[in-house]
Chemist: 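I am attaching a structure below and will ask some questions about it afterwards.
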Amino acid sequence: MRFWLMKSEPEVFSWTDLVARGETGEEWDGVRNYQARNYMREMKLGDRAFFYHSQSDKAVVGICEVIAAAHPDSTTDDPRWDCVDVRARQAFETPVTLAMVKAEPGLAEMALLRQSRLSVQPVTTEEWRIVCTMGGVDP
DNA sequence: GCCAACGTTGGC
DNA sequence: GCCAACGTTGGC
């Protein structure tokens, strides 16, 4: 199983919105960046991803699970864009803010800091463990 | 609201 | 194939 981080502006689609979708989950559509798309194509069923609120919130707020491998993005006819489906799994006890990530030496190499504009990014096993611990959930 | 970083487009 | 112009994202 691999680990990822996916960003969303909470004003557009929030963690609460994903929780409301329940087991059905939601298509992670709208990504129009090749690197982010390629990462989604690498995702497999059962992979876990942090749900990150960008812009107003700037915090990892929960963990979601990939429930459908990459397929065409239903919001466009352009065949270049694929996306996966995810469902909410577990909310963090404590949101892990961007400031907290920056303050943690073990997370200095995270793509979240290195490539701030990338909306879908890989997370290492060690980074996953650290962030989960900070968030108050079992890795 | 501003700006840095970075991706895309289009002229040459 | 290069590069200037432009658009978008996201942190501050």
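Every value quoted in this text rests on a predicted model; they were computed, and no experiment measured them. Here is the naming used below: chain letters follow the sequence lines, and residue numbers restart at 1 for every chain.
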Chemist: Cut-off 3.5 Å, side chains only: do Asp73(A) and Thr75(A) have a donor facing an acceptor?
Modeler: yes
Chemist: For residues Gln115(A) and Gln35(A), is any side-chain donor paired with an opposing acceptor at under 3.5 Å?
Modeler: yes
Chemist: How does protein contact run along nucleotides 7-12 of chain C, one letter per nucleotide 5' to 3', with B for base contact, S for sugar-phosphate only, - for none, heavy atoms under 4.0 Å?
Modeler: BBBBSS
Chemist: So which heavy atom on Tyr39(A) is nearest to which on Val120(A), and how close?
Modeler: CD1-O, 3.2 Å
Chemist: Of the non-hydrogen atoms in Glu27(A) and Asp85(A), which two are nearest, and what is the gap between them?
Modeler: CA-OD1, 3.4 Å
Chemist: With Phe50(A) as reference, evaluate Phe3(A), Trp4(A), Trp128(A), Trp15(A) under the ring-ring contact (aromatic ring centres under 6.0 Å, His included) test and give the passing residue.
Modeler: Trp128(A)
